[in-house]
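Residue numbering restarts at 1 for every chain, and letters A, B, ... go by the order of the sequence lines.
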Amino acid sequence: MATRTIAGKTVQVNDEGFMTNPAEWTKEIAVELAKEEGIEELTEQHWKVIDFCRQAGMSSGKAPTLRQITTGTGLSTKELFALFPKGPAKKVARISGLGKPEGCV
Amino acid sequence: MKKLVILGAGTAGTMAANRLSRVLNTSEWEITLVDPNPVHYYQPGFLFIPFGIYKKEDAFKPKQAFIPRGGKLIQTAVEEILPTQNRVRLANGETLSYDYLIIATGTDIYPEETPGLAEHEWGKSIHTFYSLDSAVALADALRNWKGGRLVVNVVENPIKCPVAPLEFLFLADWYFTQRGIRDRVELIYATPLPGAFTKPIASRLLGDTLEKRRIRVEPEFMIMEVNPDAKKIVSYDEREVEYDLLVSIPLNKGAEVIGRSGLGDELNYVPTDKHTLLAEGYDNIFVLGDATNVPASKAGATAHYEVDTLAENFPRYVQGKPLEPLFDGHANCFVETGFGKGMLLDFNYNTEPLPGTYPLPFVGPFSLLKESVINHWGKLGFRWMYWNILMKGLPIPFLPAQMSMVGKQKVN
Ligand SMILES: Cc1cc2nc3c(=O)[nH]c(=O)nc-3n(C[C@H](O)[C@H](O)[C@H](O)COP(=O)(O)OP(=O)(O)OC[C@H]3O[C@@H](n4cnc5c(N)ncnc54)[C@H](O)[C@@H]3O)c2cc1C
(Lines give C-alpha, C1' and ligand atoms only; values in the text may rest on other atoms or scores of the structure.)
Protein backbone atom coordinates (compact mmCIF):
# COMPACT_ATOMS: atom_id res chain seq x y z
CA MET A 1 0.00 0.00 0.00
CA ALA A 2 1.40 3.39 -1.05
CA THR A 3 1.39 6.58 0.97
CA ARG A 4 1.44 10.18 -0.12
CA THR A 5 1.46 13.57 1.52
CA ILE A 6 -1.58 15.75 0.99
CA ALA A 7 -1.99 19.16 2.69
CA GLY A 8 0.96 18.38 4.93
CA LYS A 9 -0.35 15.02 6.12
CA THR A 10 0.90 11.56 5.10
CA VAL A 11 -1.97 9.23 4.28
CA GLN A 12 -2.44 5.78 2.76
CA VAL A 13 -3.74 5.59 -0.80
CA ASN A 14 -4.46 2.84 -3.31
CA ASP A 15 -3.17 2.74 -6.89
CA GLU A 16 -6.16 4.72 -8.13
CA GLY A 17 -5.45 7.54 -5.68
CA PHE A 18 -8.31 6.80 -3.29
CA MET A 19 -7.50 7.07 0.42
CA THR A 20 -7.81 3.73 2.15
CA ASN A 21 -8.20 4.88 5.74
CA PRO A 22 -11.09 7.37 6.03
CA ALA A 23 -9.99 8.24 9.58
CA GLU A 24 -6.90 9.97 8.15
CA TRP A 25 -9.05 12.47 6.25
CA THR A 26 -9.14 16.20 7.09
CA LYS A 27 -10.96 19.15 5.57
CA GLU A 28 -7.65 20.48 4.28
CA ILE A 29 -7.09 17.23 2.42
CA ALA A 30 -10.54 17.59 0.85
CA VAL A 31 -9.60 21.02 -0.49
CA GLU A 32 -6.44 19.64 -2.11
CA LEU A 33 -8.13 16.54 -3.57
CA ALA A 34 -10.92 18.72 -4.96
CA LYS A 35 -8.33 20.80 -6.83
CA GLU A 36 -6.90 17.60 -8.31
CA GLU A 37 -10.41 16.80 -9.52
CA GLY A 38 -10.63 20.21 -11.18
CA ILE A 39 -12.77 21.89 -8.51
CA GLU A 40 -10.98 25.11 -7.56
CA GLU A 41 -13.20 26.14 -4.71
CA LEU A 42 -15.46 24.14 -2.43
CA THR A 43 -18.73 26.00 -1.90
CA GLU A 44 -21.33 25.45 0.81
CA GLN A 45 -23.21 23.13 -1.56
CA HIS A 46 -20.05 21.06 -2.10
CA TRP A 47 -19.57 20.76 1.65
CA LYS A 48 -23.16 19.70 2.15
CA VAL A 49 -22.50 16.77 -0.16
CA ILE A 50 -19.09 15.98 1.34
CA ASP A 51 -20.48 16.07 4.89
CA PHE A 52 -23.25 13.70 3.92
CA CYS A 53 -20.80 11.31 2.25
CA ARG A 54 -18.46 11.39 5.26
CA GLN A 55 -21.35 10.51 7.55
CA ALA A 56 -22.72 7.78 5.28
CA GLY A 57 -19.24 6.38 4.67
CA MET A 58 -18.26 6.28 8.33
CA SER A 59 -21.47 4.52 9.38
CA SER A 60 -21.66 1.95 6.55
CA GLY A 61 -17.96 1.57 5.75
CA LYS A 62 -18.71 2.20 2.08
CA ALA A 63 -18.92 5.23 -0.20
CA PRO A 64 -22.58 6.04 -0.92
CA THR A 65 -24.11 5.54 -4.37
CA LEU A 66 -25.31 8.46 -6.46
CA ARG A 67 -28.91 7.71 -5.55
CA GLN A 68 -28.08 7.55 -1.86
CA ILE A 69 -26.48 10.99 -2.17
CA THR A 70 -29.46 12.53 -3.95
CA THR A 71 -31.90 10.99 -1.47
CA GLY A 72 -29.75 11.99 1.51
CA THR A 73 -28.96 15.59 0.48
CA GLY A 74 -32.13 16.50 -1.41
CA LEU A 75 -30.02 17.67 -4.38
CA SER A 76 -30.94 16.43 -7.85
CA THR A 77 -28.63 14.25 -9.95
CA LYS A 78 -28.28 17.20 -12.32
CA GLU A 79 -27.11 19.49 -9.51
CA LEU A 80 -24.61 16.87 -8.40
CA PHE A 81 -23.17 16.65 -11.90
CA ALA A 82 -22.86 20.46 -11.90
CA LEU A 83 -21.01 20.43 -8.55
CA PHE A 84 -18.80 17.42 -9.30
CA PRO A 85 -18.61 17.18 -13.12
CA LYS A 86 -18.42 13.82 -14.96
CA GLY A 87 -18.68 11.17 -12.24
CA PRO A 88 -20.03 12.77 -9.04
CA ALA A 89 -20.27 9.60 -6.93
CA LYS A 90 -16.66 8.68 -7.69
CA LYS A 91 -15.31 12.24 -7.36
CA VAL A 92 -16.99 13.03 -4.10
CA ALA A 93 -15.93 9.66 -2.68
CA ARG A 94 -12.30 10.48 -3.46
CA ILE A 95 -12.56 14.01 -2.06
CA SER A 96 -14.23 12.65 1.08
CA GLY A 97 -11.41 10.19 1.71
CA LEU A 98 -13.63 7.15 1.14
CA GLY A 99 -12.90 4.16 -1.08
CA LYS A 100 -14.18 3.98 -4.64
CA PRO A 101 -17.95 3.35 -4.73
CA GLU A 102 -18.38 -0.36 -5.28
CA GLY A 103 -20.93 -0.10 -8.05
CA CYS A 104 -22.90 -3.25 -7.92
CA VAL A 105 -23.23 -6.95 -8.32
CA MET B 1 -51.54 -23.13 14.55
CA LYS B 2 -48.55 -20.94 13.83
CA LYS B 3 -48.89 -18.54 10.96
CA LEU B 4 -46.33 -17.99 8.23
CA VAL B 5 -47.29 -15.29 5.75
CA ILE B 6 -45.36 -14.87 2.50
CA LEU B 7 -45.72 -11.63 0.55
CA GLY B 8 -45.23 -12.19 -3.18
CA ALA B 9 -45.68 -15.55 -4.94
CA GLY B 10 -43.02 -15.14 -7.62
CA THR B 11 -39.79 -17.10 -7.83
CA ALA B 12 -38.63 -16.69 -4.23
CA GLY B 13 -42.03 -16.74 -2.46
CA THR B 14 -43.20 -19.84 -4.31
CA MET B 15 -39.96 -21.71 -3.70
CA ALA B 16 -40.00 -20.78 -0.01
CA ALA B 17 -43.63 -21.89 0.45
CA ASN B 18 -43.00 -25.27 -1.14
CA ARG B 19 -39.68 -25.86 0.51
CA LEU B 20 -40.83 -24.87 4.00
CA SER B 21 -44.02 -26.91 3.70
CA ARG B 22 -41.72 -29.93 3.27
CA VAL B 23 -39.56 -29.22 6.30
CA LEU B 24 -42.21 -27.90 8.72
CA ASN B 25 -44.91 -29.93 10.42
CA THR B 26 -47.95 -28.88 8.36
CA SER B 27 -50.37 -29.74 11.14
CA GLU B 28 -48.76 -26.97 13.17
CA TRP B 29 -48.19 -24.39 10.46
CA GLU B 30 -50.51 -22.39 8.26
CA ILE B 31 -48.76 -21.04 5.17
CA THR B 32 -50.43 -18.14 3.34
CA LEU B 33 -49.14 -16.44 0.20
CA VAL B 34 -50.38 -13.04 -0.91
CA ASP B 35 -49.99 -11.80 -4.50
CA PRO B 36 -52.30 -9.70 -6.71
CA ASN B 37 -51.18 -11.25 -9.99
CA PRO B 38 -52.48 -14.78 -10.81
CA VAL B 39 -49.72 -15.26 -13.39
CA HIS B 40 -46.28 -16.64 -12.52
CA TYR B 41 -43.74 -15.44 -15.07
CA TYR B 42 -40.66 -17.36 -16.05
CA GLN B 43 -38.64 -14.15 -16.40
CA PRO B 44 -35.44 -15.74 -17.79
CA GLY B 45 -37.61 -16.67 -20.79
CA PHE B 46 -38.26 -12.97 -21.58
CA LEU B 47 -34.74 -12.78 -23.05
CA PHE B 48 -35.53 -15.33 -25.77
CA ILE B 49 -38.88 -13.87 -26.88
CA PRO B 50 -37.57 -10.88 -28.91
CA PHE B 51 -35.57 -13.28 -31.09
CA GLY B 52 -38.42 -15.72 -31.68
CA ILE B 53 -36.69 -18.51 -29.71
CA TYR B 54 -39.53 -18.60 -27.18
CA LYS B 55 -43.13 -17.63 -27.70
CA LYS B 56 -45.28 -15.80 -25.19
CA GLU B 57 -46.84 -19.05 -23.91
CA ASP B 58 -43.41 -20.40 -23.03
CA ALA B 59 -42.84 -17.83 -20.31
CA PHE B 60 -45.71 -18.13 -17.81
CA LYS B 61 -47.97 -20.49 -15.88
CA PRO B 62 -50.78 -19.97 -13.37
CA LYS B 63 -49.53 -19.31 -9.82
CA GLN B 64 -52.23 -21.55 -8.40
CA ALA B 65 -50.49 -24.64 -9.83
CA PHE B 66 -47.52 -24.07 -7.51
CA ILE B 67 -49.21 -23.54 -4.17
CA PRO B 68 -48.23 -26.30 -1.73
CA ARG B 69 -50.85 -28.66 -0.34
CA GLY B 70 -52.26 -27.14 2.83
CA GLY B 71 -51.09 -23.67 1.81
CA LYS B 72 -53.23 -20.97 0.27
CA LEU B 73 -52.87 -18.00 -2.05
CA ILE B 74 -54.85 -14.84 -1.40
CA GLN B 75 -55.10 -12.97 -4.67
CA THR B 76 -54.79 -9.33 -3.67
CA ALA B 77 -52.03 -6.79 -3.11
CA VAL B 78 -50.44 -6.02 0.23
CA GLU B 79 -51.22 -2.41 1.09
CA GLU B 80 -49.13 -2.01 4.22
CA ILE B 81 -46.89 -4.05 6.47
CA LEU B 82 -47.31 -3.25 10.17
CA PRO B 83 -44.22 -4.90 11.65
CA THR B 84 -44.75 -3.66 15.20
CA GLN B 85 -48.20 -5.31 15.25
CA ASN B 86 -47.18 -8.47 13.33
CA ARG B 87 -49.88 -7.76 10.81
CA VAL B 88 -50.30 -6.91 7.12
CA ARG B 89 -53.14 -4.91 5.63
CA LEU B 90 -54.42 -6.14 2.26
CA ALA B 91 -56.05 -4.32 -0.64
CA ASN B 92 -59.20 -6.45 -0.31
CA GLY B 93 -59.82 -4.96 3.15
CA GLU B 94 -58.59 -7.98 5.12
CA THR B 95 -55.89 -7.83 7.76
CA LEU B 96 -53.65 -10.85 8.26
CA SER B 97 -51.69 -11.51 11.41
CA TYR B 98 -48.50 -13.54 11.35
CA ASP B 99 -45.98 -15.19 13.63
CA TYR B 100 -43.35 -15.07 10.89
CA LEU B 101 -43.31 -13.01 7.72
CA ILE B 102 -41.36 -13.56 4.52
CA ILE B 103 -41.08 -10.59 2.18
CA ALA B 104 -40.58 -11.70 -1.44
CA THR B 105 -42.15 -8.86 -3.42
CA GLY B 106 -39.27 -8.68 -5.92
CA THR B 107 -38.23 -5.71 -8.03
CA ASP B 108 -39.95 -4.13 -11.03
CA ILE B 109 -39.21 -1.63 -13.80
CA TYR B 110 -40.13 2.07 -13.63
CA PRO B 111 -39.69 3.46 -17.17
CA GLU B 112 -41.68 6.61 -16.31
CA GLU B 113 -38.84 7.78 -14.06
CA THR B 114 -36.61 8.60 -17.04
CA PRO B 115 -37.86 11.66 -18.96
CA GLY B 116 -38.77 10.85 -22.56
CA LEU B 117 -38.53 7.09 -22.15
CA ALA B 118 -42.11 5.92 -21.74
CA GLU B 119 -43.81 8.57 -23.86
CA HIS B 120 -45.11 8.57 -27.45
CA GLU B 121 -42.26 6.44 -28.87
CA TRP B 122 -42.59 3.72 -26.18
CA GLY B 123 -43.39 0.47 -27.97
CA LYS B 124 -42.39 2.04 -31.33
CA SER B 125 -38.70 3.00 -31.47
CA ILE B 126 -38.20 2.50 -27.70
CA HIS B 127 -38.55 -0.94 -26.13
CA THR B 128 -37.61 -3.17 -23.23
CA PHE B 129 -37.64 -6.93 -22.70
CA TYR B 130 -38.03 -6.73 -18.90
CA SER B 131 -41.76 -7.52 -19.00
CA LEU B 132 -43.60 -10.18 -20.97
CA ASP B 133 -45.78 -7.89 -23.09
CA SER B 134 -42.92 -5.58 -23.99
CA ALA B 135 -40.71 -8.54 -24.94
CA VAL B 136 -43.48 -9.66 -27.32
CA ALA B 137 -43.75 -6.15 -28.81
CA LEU B 138 -39.97 -6.07 -29.28
CA ALA B 139 -40.12 -9.39 -31.17
CA ASP B 140 -42.43 -7.72 -33.71
CA ALA B 141 -40.19 -4.67 -33.94
CA LEU B 142 -37.07 -6.76 -34.54
CA ARG B 143 -38.76 -8.95 -37.11
CA ASN B 144 -39.66 -5.92 -39.22
CA TRP B 145 -36.44 -4.00 -38.69
CA LYS B 146 -34.32 -3.31 -41.74
CA GLY B 147 -31.15 -2.37 -39.83
CA GLY B 148 -29.57 0.72 -38.33
CA ARG B 149 -28.22 1.48 -34.89
CA LEU B 150 -29.52 -0.54 -31.96
CA VAL B 151 -28.61 0.83 -28.53
CA VAL B 152 -29.07 -1.14 -25.31
CA ASN B 153 -29.08 1.14 -22.25
CA VAL B 154 -29.13 0.30 -18.55
CA VAL B 155 -30.64 3.28 -16.73
CA GLU B 156 -29.25 2.60 -13.26
CA ASN B 157 -27.85 -0.28 -11.24
CA PRO B 158 -28.66 -2.57 -9.55
CA ILE B 159 -30.90 -4.40 -12.03
CA LYS B 160 -32.23 -7.91 -11.80
CA CYS B 161 -30.18 -10.34 -13.84
CA PRO B 162 -27.21 -8.02 -14.49
CA VAL B 163 -26.02 -10.18 -17.41
CA ALA B 164 -29.32 -10.00 -19.32
CA PRO B 165 -28.41 -6.82 -21.29
CA LEU B 166 -25.18 -8.48 -22.47
CA GLU B 167 -27.03 -11.63 -23.42
CA PHE B 168 -29.48 -9.53 -25.38
CA LEU B 169 -26.62 -8.01 -27.37
CA PHE B 170 -24.95 -11.38 -28.03
CA LEU B 171 -28.26 -12.81 -29.21
CA ALA B 172 -28.87 -9.72 -31.36
CA ASP B 173 -25.50 -10.26 -33.06
CA TRP B 174 -26.46 -13.86 -33.77
CA TYR B 175 -30.01 -12.97 -34.84
CA PHE B 176 -28.98 -10.32 -37.36
CA THR B 177 -26.19 -12.56 -38.67
CA GLN B 178 -28.76 -15.31 -39.28
CA ARG B 179 -30.98 -12.86 -41.12
CA GLY B 180 -28.06 -11.76 -43.26
CA ILE B 181 -28.24 -8.10 -42.24
CA ARG B 182 -25.54 -7.95 -39.54
CA ASP B 183 -23.47 -5.60 -41.74
CA ARG B 184 -26.31 -3.12 -41.71
CA VAL B 185 -26.66 -3.20 -37.91
CA GLU B 186 -24.59 -1.32 -35.37
CA LEU B 187 -24.78 -2.64 -31.78
CA ILE B 188 -24.01 -0.35 -28.85
CA TYR B 189 -24.12 -0.96 -25.09
CA ALA B 190 -24.49 2.24 -23.04
CA THR B 191 -23.96 1.31 -19.38
CA PRO B 192 -23.41 3.22 -16.13
CA LEU B 193 -20.60 0.76 -15.31
CA PRO B 194 -16.96 1.39 -16.28
CA GLY B 195 -16.99 -1.87 -18.34
CA ALA B 196 -19.01 -4.86 -19.46
CA PHE B 197 -19.77 -6.34 -16.04
CA THR B 198 -19.63 -5.54 -12.34
CA LYS B 199 -16.68 -7.80 -11.41
CA PRO B 200 -13.18 -7.22 -12.89
CA ILE B 201 -12.18 -10.62 -14.32
CA ALA B 202 -15.58 -11.36 -15.80
CA SER B 203 -15.74 -7.78 -17.07
CA ARG B 204 -12.48 -8.25 -18.94
CA LEU B 205 -13.43 -11.62 -20.44
CA LEU B 206 -16.95 -10.48 -21.34
CA GLY B 207 -15.49 -7.23 -22.70
CA ASP B 208 -13.24 -9.23 -25.04
CA THR B 209 -16.24 -11.21 -26.22
CA LEU B 210 -18.17 -7.99 -26.90
CA GLU B 211 -15.28 -6.66 -28.96
CA LYS B 212 -15.01 -9.86 -30.97
CA ARG B 213 -18.69 -9.64 -31.69
CA ARG B 214 -18.41 -6.02 -32.85
CA ILE B 215 -20.48 -4.61 -29.99
CA ARG B 216 -19.30 -1.18 -28.86
CA VAL B 217 -19.44 -0.24 -25.17
CA GLU B 218 -20.24 3.33 -24.11
CA PRO B 219 -19.07 3.14 -20.46
CA GLU B 220 -20.03 5.28 -17.44
CA PHE B 221 -23.14 6.46 -19.24
CA MET B 222 -25.64 7.79 -16.68
CA ILE B 223 -28.75 8.57 -18.69
CA MET B 224 -30.46 11.90 -17.94
CA GLU B 225 -33.16 11.79 -20.59
CA VAL B 226 -34.31 10.38 -23.87
CA ASN B 227 -35.12 12.69 -26.74
CA PRO B 228 -37.70 10.52 -28.48
CA ASP B 229 -38.11 12.79 -31.51
CA ALA B 230 -34.42 13.31 -32.24
CA LYS B 231 -33.91 9.63 -31.30
CA LYS B 232 -31.02 10.09 -28.93
CA ILE B 233 -30.19 9.40 -25.30
CA VAL B 234 -28.41 12.08 -23.30
CA SER B 235 -26.22 11.50 -20.24
CA TYR B 236 -25.73 13.78 -17.25
CA ASP B 237 -22.23 14.61 -18.48
CA GLU B 238 -23.80 15.70 -21.77
CA ARG B 239 -22.81 12.84 -24.01
CA GLU B 240 -25.34 11.98 -26.69
CA VAL B 241 -25.87 8.62 -28.33
CA GLU B 242 -28.18 8.41 -31.32
CA TYR B 243 -30.25 5.33 -32.02
CA ASP B 244 -32.72 3.93 -34.49
CA LEU B 245 -33.96 1.36 -31.98
CA LEU B 246 -33.52 1.80 -28.23
CA VAL B 247 -33.76 -1.19 -25.90
CA SER B 248 -33.89 0.12 -22.35
CA ILE B 249 -33.47 -1.61 -19.01
CA PRO B 250 -35.48 0.96 -17.05
CA LEU B 251 -34.87 1.86 -13.40
CA ASN B 252 -35.42 -1.18 -11.14
CA LYS B 253 -37.03 -0.57 -7.75
CA GLY B 254 -38.51 -2.72 -5.01
CA ALA B 255 -42.27 -2.79 -4.39
CA GLU B 256 -43.87 0.47 -3.32
CA VAL B 257 -45.49 -1.21 -0.31
CA ILE B 258 -41.99 -1.62 1.17
CA GLY B 259 -41.34 2.11 1.12
CA ARG B 260 -44.87 2.91 2.27
CA SER B 261 -44.38 0.66 5.30
CA GLY B 262 -41.11 2.34 6.23
CA LEU B 263 -39.12 -0.83 5.56
CA GLY B 264 -37.13 0.23 2.50
CA ASP B 265 -33.94 2.00 1.48
CA GLU B 266 -33.74 4.67 -1.25
CA LEU B 267 -34.79 2.10 -3.88
CA ASN B 268 -37.42 0.35 -1.74
CA TYR B 269 -35.18 -2.63 -1.00
CA VAL B 270 -35.36 -4.01 2.53
CA PRO B 271 -32.14 -3.70 4.58
CA THR B 272 -31.39 -7.37 5.26
CA ASP B 273 -28.70 -9.29 7.12
CA LYS B 274 -26.61 -10.68 4.29
CA HIS B 275 -25.91 -14.05 5.93
CA THR B 276 -29.13 -14.87 7.83
CA LEU B 277 -31.63 -12.97 5.61
CA LEU B 278 -33.46 -11.48 8.60
CA ALA B 279 -34.80 -7.97 8.00
CA GLU B 280 -32.57 -5.59 9.97
CA GLY B 281 -34.21 -4.62 13.24
CA TYR B 282 -36.79 -7.43 13.24
CA ASP B 283 -36.55 -10.99 14.53
CA ASN B 284 -39.56 -12.50 12.75
CA ILE B 285 -39.28 -11.04 9.24
CA PHE B 286 -37.15 -12.69 6.55
CA VAL B 287 -36.50 -11.22 3.12
CA LEU B 288 -35.80 -13.31 0.03
CA GLY B 289 -35.01 -12.74 -3.64
CA ASP B 290 -34.89 -9.40 -5.41
CA ALA B 291 -36.60 -7.58 -2.50
CA THR B 292 -33.45 -7.58 -0.31
CA ASN B 293 -30.62 -5.05 -0.33
CA VAL B 294 -27.94 -7.73 0.09
CA PRO B 295 -24.95 -7.22 -2.23
CA ALA B 296 -25.66 -10.36 -4.28
CA SER B 297 -26.95 -10.66 -7.85
CA LYS B 298 -30.69 -10.23 -8.16
CA ALA B 299 -31.29 -13.58 -9.84
CA GLY B 300 -33.53 -16.61 -9.57
CA ALA B 301 -30.47 -18.75 -8.86
CA THR B 302 -29.57 -16.51 -5.91
CA ALA B 303 -33.12 -16.76 -4.59
CA HIS B 304 -32.85 -20.52 -4.85
CA TYR B 305 -29.68 -20.66 -2.74
CA GLU B 306 -31.27 -18.30 -0.23
CA VAL B 307 -34.25 -20.63 0.11
CA ASP B 308 -31.84 -23.56 0.60
CA THR B 309 -30.27 -21.82 3.59
CA LEU B 310 -33.61 -20.71 5.02
CA ALA B 311 -34.96 -24.26 4.83
CA GLU B 312 -32.05 -25.30 7.01
CA ASN B 313 -32.25 -22.37 9.42
CA PHE B 314 -35.98 -21.77 9.82
CA PRO B 315 -37.10 -25.03 11.52
CA ARG B 316 -34.29 -24.64 14.09
CA TYR B 317 -34.95 -20.94 14.59
CA VAL B 318 -38.64 -21.37 15.40
CA GLN B 319 -37.58 -23.79 18.18
CA GLY B 320 -35.51 -21.06 19.75
CA LYS B 321 -32.10 -21.96 18.33
CA PRO B 322 -29.92 -19.25 16.80
CA LEU B 323 -29.71 -18.63 13.05
CA GLU B 324 -26.53 -19.81 11.35
CA PRO B 325 -24.89 -17.34 8.93
CA LEU B 326 -25.42 -19.75 6.03
CA PHE B 327 -25.97 -17.55 3.00
CA ASP B 328 -22.73 -16.62 1.21
CA GLY B 329 -24.12 -14.58 -1.70
CA HIS B 330 -23.87 -17.53 -4.07
CA ALA B 331 -25.11 -16.90 -7.62
CA ASN B 332 -24.67 -18.66 -10.89
CA CYS B 333 -25.75 -17.27 -14.20
CA PHE B 334 -25.85 -18.92 -17.57
CA VAL B 335 -24.95 -16.25 -20.10
CA GLU B 336 -26.40 -16.94 -23.52
CA THR B 337 -23.87 -15.84 -26.15
CA GLY B 338 -25.72 -16.77 -29.35
CA PHE B 339 -24.76 -19.21 -32.13
CA GLY B 340 -25.94 -22.08 -29.90
CA LYS B 341 -23.43 -21.35 -27.16
CA GLY B 342 -23.37 -20.00 -23.65
CA MET B 343 -21.08 -19.15 -20.73
CA LEU B 344 -21.52 -19.81 -17.03
CA LEU B 345 -20.59 -17.51 -14.14
CA ASP B 346 -20.42 -18.84 -10.55
CA PHE B 347 -19.60 -16.45 -7.70
CA ASN B 348 -20.45 -15.20 -4.20
CA TYR B 349 -19.88 -12.22 -1.85
CA ASN B 350 -16.14 -12.80 -1.68
CA THR B 351 -15.15 -14.60 -4.86
CA GLU B 352 -15.70 -13.01 -8.23
CA PRO B 353 -16.54 -15.17 -11.27
CA LEU B 354 -13.47 -17.20 -12.32
CA PRO B 355 -12.74 -19.48 -15.27
CA GLY B 356 -12.73 -23.28 -14.83
CA THR B 357 -15.33 -26.06 -14.92
CA TYR B 358 -18.56 -26.59 -12.95
CA PRO B 359 -19.56 -28.28 -10.75
CA LEU B 360 -16.75 -30.85 -11.06
CA PRO B 361 -13.07 -30.12 -11.77
CA PHE B 362 -12.02 -30.94 -15.40
CA VAL B 363 -15.21 -32.93 -16.01
CA GLY B 364 -17.65 -30.05 -15.78
CA PRO B 365 -19.85 -30.60 -17.67
CA PHE B 366 -20.21 -26.83 -17.71
CA SER B 367 -17.31 -24.49 -18.45
CA LEU B 368 -16.98 -21.29 -16.46
CA LEU B 369 -16.48 -17.94 -18.19
CA LYS B 370 -15.96 -19.66 -21.53
CA GLU B 371 -18.34 -20.23 -24.39
CA SER B 372 -19.56 -23.78 -24.94
CA VAL B 373 -22.50 -25.60 -26.48
CA ILE B 374 -23.28 -27.45 -23.26
CA ASN B 375 -23.71 -24.17 -21.34
CA HIS B 376 -26.35 -23.18 -23.89
CA TRP B 377 -28.22 -26.42 -23.26
CA GLY B 378 -27.85 -25.74 -19.54
CA LYS B 379 -29.64 -22.44 -20.02
CA LEU B 380 -32.44 -23.92 -22.10
CA GLY B 381 -32.75 -26.85 -19.67
CA PHE B 382 -33.12 -24.37 -16.85
CA ARG B 383 -36.76 -23.75 -17.78
CA TRP B 384 -37.69 -27.38 -17.17
CA MET B 385 -35.76 -27.34 -13.92
CA TYR B 386 -37.42 -24.07 -12.86
CA TRP B 387 -40.97 -25.39 -13.09
CA ASN B 388 -40.35 -29.02 -12.12
CA ILE B 389 -37.65 -28.85 -9.47
CA LEU B 390 -37.18 -25.32 -8.14
CA MET B 391 -40.82 -24.22 -7.91
CA LYS B 392 -41.83 -27.52 -6.29
CA GLY B 393 -39.35 -26.83 -3.53
CA LEU B 394 -36.97 -29.67 -4.34
CA PRO B 395 -33.22 -29.15 -3.91
CA ILE B 396 -31.08 -29.41 -7.08
CA PRO B 397 -29.19 -32.71 -6.96
CA PHE B 398 -25.40 -32.37 -6.46
CA LEU B 399 -25.47 -28.60 -5.95
CA PRO B 400 -24.89 -27.35 -2.40
CA ALA B 401 -26.05 -23.83 -1.48
CA GLN B 402 -22.58 -22.51 -0.70
CA MET B 403 -20.16 -21.69 -3.50
CA SER B 404 -17.21 -24.05 -3.95
CA MET B 405 -13.70 -23.30 -5.25
CA VAL B 406 -13.43 -26.81 -6.71
CA GLY B 407 -12.89 -26.58 -10.48
CA LYS B 408 -12.09 -22.87 -10.44
CA GLN B 409 -8.79 -21.46 -11.72
CA LYS B 410 -6.85 -18.67 -10.05
CA VAL B 411 -6.39 -15.67 -12.33
CA ASN B 412 -4.11 -12.69 -11.89
C1 LIG C 1 -35.18 -10.55 -18.72
C2 LIG C 1 -34.81 -11.29 -17.49
C3 LIG C 1 -33.95 -12.38 -17.56
C4 LIG C 1 -33.58 -13.07 -16.42
N5 LIG C 1 -32.75 -14.16 -16.53
C6 LIG C 1 -32.39 -14.84 -15.43
C7 LIG C 1 -31.56 -16.00 -15.53
O8 LIG C 1 -31.14 -16.41 -16.62
N9 LIG C 1 -31.21 -16.66 -14.38
C10 LIG C 1 -31.65 -16.24 -13.16
O11 LIG C 1 -31.31 -16.87 -12.16
N12 LIG C 1 -32.45 -15.14 -13.03
C13 LIG C 1 -32.84 -14.45 -14.13
N14 LIG C 1 -33.67 -13.35 -14.00
C15 LIG C 1 -34.00 -12.84 -12.66
C16 LIG C 1 -35.11 -13.60 -11.96
O17 LIG C 1 -36.24 -13.72 -12.79
C18 LIG C 1 -35.47 -12.86 -10.68
O19 LIG C 1 -34.31 -12.58 -9.94
C20 LIG C 1 -36.41 -13.69 -9.80
O21 LIG C 1 -37.62 -13.89 -10.47
C22 LIG C 1 -36.62 -12.99 -8.46
O23 LIG C 1 -37.61 -13.62 -7.72
P24 LIG C 1 -38.50 -12.83 -6.66
O25 LIG C 1 -39.42 -13.81 -6.08
O26 LIG C 1 -37.61 -12.05 -5.77
O27 LIG C 1 -39.30 -11.76 -7.54
P28 LIG C 1 -40.48 -12.07 -8.60
O29 LIG C 1 -40.34 -13.44 -9.15
O30 LIG C 1 -40.46 -10.93 -9.55
O31 LIG C 1 -41.80 -12.07 -7.72
C32 LIG C 1 -42.27 -10.95 -7.01
C33 LIG C 1 -43.74 -11.15 -6.76
O34 LIG C 1 -44.21 -10.19 -5.83
C35 LIG C 1 -45.50 -9.78 -6.22
N36 LIG C 1 -45.81 -8.48 -5.61
C37 LIG C 1 -45.30 -7.25 -5.94
N38 LIG C 1 -45.87 -6.30 -5.18
C39 LIG C 1 -46.73 -6.92 -4.34
C40 LIG C 1 -47.61 -6.47 -3.30
N41 LIG C 1 -47.73 -5.17 -2.98
N42 LIG C 1 -48.34 -7.39 -2.64
C43 LIG C 1 -48.23 -8.72 -2.95
N44 LIG C 1 -47.42 -9.19 -3.91
C45 LIG C 1 -46.68 -8.30 -4.60
C46 LIG C 1 -45.45 -9.76 -7.73
O47 LIG C 1 -46.76 -9.86 -8.29
C48 LIG C 1 -44.59 -10.99 -8.03
O49 LIG C 1 -45.37 -12.14 -8.25
C50 LIG C 1 -34.08 -12.65 -15.15
C51 LIG C 1 -34.95 -11.56 -15.07
C52 LIG C 1 -35.32 -10.88 -16.21
C53 LIG C 1 -36.27 -9.70 -16.11
Task: Under 3.5 Å donor-acceptor, A:Lys100 side chain and A:Arg94 backbone - done: no
Open item on the list: I'd like to know if the side chain of B:His275 reaches the main chain of B:Phe327, judged simply by a donor and an acceptor atom lying under 3.5 Å from each other, with no hydrogens or angles considered.
Closed with: yes
- [ ] Please flag which part of A:Thr71 lies under 4.5 Å from any non-hydrogen atom of chain B: side chain, backbone, both or neither.
- [x] side chain
Open item on the list: Checking the side chain of B:Lys160 only, and the main-chain atoms of B:Thr107 only, is there a donor and an acceptor separated by less than 3.5 Å?
Closed with: yes
TODO: Tell me, for A:Leu66 versus chain B, whether the close heavy atoms (under 4.5 Å) come from the side chain, the backbone, both or neither.
DONE: side chain
Task: Validation row: B:Leu206, B:Met343 side chains within 4.5 angstrom (heavy atoms) - done: yes
Task: Heavy-atom proximity to chain A below 4.5 Å, by part of B:Glu156 - done: side chain
Task: Backbone of B:Asp237 reached by a side-chain donor or acceptor of A:Lys86 within 3.5 Å - done: no
- [ ] For chain A, find which of B:Glu352, B:Glu266, B:Glu238 contributes the most heavy-atom pairs closer than 4.5 angstrom.
- [x] B:Glu266
Task: Validation row: B:Val154, B:Phe221 side chains within 4.5 angstrom (heavy atoms) - done: no
TODO: Residue by residue, scan residues 14-28 of chain A and write down, ordered by number, those that have a heavy-atom distance under 4.5 Å to chain B; if none do, write 'none'.
DONE: none
Task: Donor-acceptor under 3.5 Å (A:Glu32 side chain, A:Ile29 main chain) - done: no
Task: Derivation and outcome, side-chain contact (heavy atoms from CB on, under 4.5 Å), residues B:Ile109 and B:Asn252 - done: CA-CA 5 Å; B:Ile109 51 169; B:Asn252 280 216; 3.7 Å; yes
